[in-house]
Number of protein chains: 2
Amino acid sequence: MEKVDGRLVRGDQTRRAVLRRAVDIASVDGLEGLSIGRLATELGISKSGLFAHFGSKEELQLATIRAARRIYADAVVLPALEVEPGIQRVRKLSECWIDYSRRRVFPGGCFFQKVSHEYAARGGAVHEALAGVHREWMELMEDVVREAVDRGELAADPAQLAFDLNAYYEAANLASILHGNETGYDQASRSIGARLESAAR
Amino acid sequence: MEKVDGRLVRGDQTRRAVLRRAVDIASVDGLEGLSIGRLATELGISKSGLFAHFGSKEELQLATIRAARRIYADAVVLPALEVEPGIQRVRKLSECWIDYSRRRVFPGGCFFQKVSHEYAARGGAVHEALAGVHREWMELMEDVVREAVDRGELAADPAQLAFDLNAYYEAANLASILHGNETGYDQASRSIGARLESAAR
DNA sequence: AAACTATACGAACGGTCGTATTATTAGTTT
DNA sequence: AAACTAATAATACGACCGTTCGTATAGTTT
């Protein structure tokens, strides 16, 4: 339905263009600030035509989350999984995350940190989707840490170390956007290094 | 102008009632989701009457930030400053913060974490105000840590330790709201304890 | 060529937004 | 009691919101 012998059909191209722009907008103005009219204007298409692709605002938001997840996986997760399991992979994951934030893969910094806070205290499908992504991410981090523990390269509770590392990432991301400087990244890098060193055996 | 021999005049009472409600709404739905019409309806007053108190949406938002800052100071900062300077004060500050988040002083969790993310990537007076509060808070944490370092109770770079502690707080706050459980608080408490213990001398 | 489907369009809907203007009420002062 | 002022309300405005509708164009299938 979406592909015709490898070539994308028209509708799917539009959909991709919409979502590519949507994740950028949402990373700055949130999934609520992501309005259909604005999106259509910026892309030079009609509001109704855009709307027809998703059927509702909520569906657009959910599709935007899925699109952001793919970008996040490509930027942060996959490169780390190419490194051998163990402490090297833990380090690589941390480097990738800091780099992902620093390079502004999303112009507003980490997409998920932004919109997770936006929907943290509300109900609904968007909240559930974001809680799911967060859980998934924390479990991945724990797994990566656990591999290093199982190899005897780290002595730590995987969940605890994953919590700490993730906390450093997010604090750095917020500080850098809020103050427009790199101080947070330097502090996070030092904290990550110190934390891993103290857990190394 | 605002007081008549100790008794508040009518207008100031209304203003206080508005802001008390405004901080709660904003902690859940953000400073953008804080709409004048909704606020007026919930308080049973007229939209125009409420509007007249602030003159613009942005002024309402700035006043809401100031009101939240007072509540935050009362809940987190002042109780910690009653404890003697040193590591005990560092511990107390951490306890107060976790308690402040856990008790839901603001129904949506930490007001400032919520709205700081909302305005992190935008310009304007609201952004500046929030960046200022963040800076102020981080400096306070550094000062509290430095007192402990100066007394020889901790061996650490104050800015670095303050960064770490704050990162634990915020990660716990987000996790608890997003998932509706207390796991994050337990993890944060362990991380805080371990971090302080490893820096204790 | 005819029928059908996918995609996009413009126009309009009811609603809510922030804001401005004008009126009404309540409190204080004279 | 009259005059004045501060606080609140009523009403209206234009802009934008998400959504629906009917229609036009293109591409595919029969």
Side-chain angles (χ1 to χ4, degrees), chain A residues 1-22 25-26 28-65 115 118-119 122-126, chain B residues 1-22 25-26 28-65 115 118-119 122-126:
Chain A
M1 188 74 82
E2 286 182 342
K3 289 189 175 186
V4 175
D5 58 326
R7 240 192 45 249
L8 294 170
V9 299
R10 198 165 38 121
D12 203 51
Q13 285 181 22
T14 304
R15 207 185 142 94
R16 278 161 194 266
V18 168
L19 291 176
R20 200 176 318 126
R21 183 66 66 108
I25 293 179
V28 173
D29 292 317
L31 286 168
E32 211 69 40
L34 176 71
S35 92
I36 294 170
R38 174 187 174 187
L39 202 43
T41 303
E42 289 190 14
L43 290 168
I45 64 176
S46 72
K47 207 168 86 160
S48 50
L50 194 159
F51 182 85
H53 276 278
F54 302 95
S56 75
K57 171 86 179 269
E58 191 175 61
E59 228 358 277
L60 167 63
Q61 292 171 323
L62 294 171
T64 303
I65 291 171
V115 302
E118 189 181 3
Y119 278 87
R122 304 185 215 179
V126 173
Chain B
M1 185 72 83
E2 287 182 343
K3 289 189 178 187
V4 175
D5 58 327
R7 241 191 47 246
L8 294 170
V9 299
R10 205 163 34 124
D12 202 50
Q13 285 182 24
T14 303
R15 208 185 142 93
R16 278 162 195 265
V18 168
L19 292 175
R20 201 174 318 127
R21 182 67 66 109
I25 292 178
V28 173
D29 293 316
L31 285 168
E32 211 69 39
L34 177 70
S35 92
I36 295 169
R38 173 187 175 187
L39 202 44
T41 303
E42 289 192 13
L43 291 168
I45 64 177
S46 71
K47 200 169 99 164
S48 50
L50 194 160
F51 181 83
H53 276 278
F54 303 95
S56 75
K57 170 86 178 268
E58 191 175 61
E59 230 355 279
L60 167 63
Q61 293 171 324
L62 293 171
T64 302
I65 292 171
V115 302
E118 188 181 3
Y119 279 86
R122 305 186 213 178
V126 173

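Heavy-atom basis, side chains included; hydrogens, waters and symmetry copies ignored. Please read these numbers as outputs of a predicted model, since none were measured by experiment. Chain letters run A, B, ... following the sequence lines, proteins first, then strands; residues in each count from 1.
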* Using side-chain hydrogen bond (donor to acceptor under 3.5 Å, both in side chains) as the criterion, list what pairs up with B:Gln61, not counting sequence neighbours. => B:Tyr119
* Is A:Ala52 touching bases, backbone alone, or none of the nucleic acid, heavy atoms closer than 4.0 Å? -> nothing
* To do: Check every strand shown and say whether B:Leu50 touches a base, only sugar-phosphate, or nothing at a heavy-atom separation below 4.0 Å.
  => nothing
Atom [atom1] of [X] to atom [atom2] of [N]: distance rounded to whole Å?
| X | N | atom1 | atom2 | result |
| --- | --- | --- | --- | --- |
| A:Leu60 | D:dG18 | CG | P | 9 Å |
| B:Leu43 | D:dA9 | CG | C1' | 15 Å |
| A:Gln13 | D:dA26 | CD | P | 16 Å |
| B:Phe54 | D:dT8 | CZ | C1' | 14 Å |

* To do: Verify the contact: side-chain N or O of A:His53 to OP1 or OP2 of C:dA8, cut-off strictly under 4.0 Å; return yes or no.
  => yes
* Pairs flagged by salt bridge (Lys or Arg N to Asp or Glu O under 4.0 Å) wherever residues 46-57 of chain A is involved - sequence neighbours left out -> none
Can you list the residues that meet the side-chain contact (heavy atoms from CB on, under 4.5 Å) rule with [X], with sequence neighbours excluded?
| X | value |
| --- | --- |
| A:Phe51 | A:Ile36 |
| B:Ala52 | none |
| B:Glu59 | B:Phe54, B:Ser56, B:Leu62, B:Arg66 |

* **Passing candidate, side-chain contact (heavy atoms from CB on, under 4.5 Å) with A:Thr64, options A:Leu31, A:Ile25, A:Val126** => A:Leu31
* **nucleotides 11-23 of chain C: protein proximity per nucleotide (B base, S sugar-phosphate only, - neither; heavy atom, under 4.0 Å)** => ------SBBB---
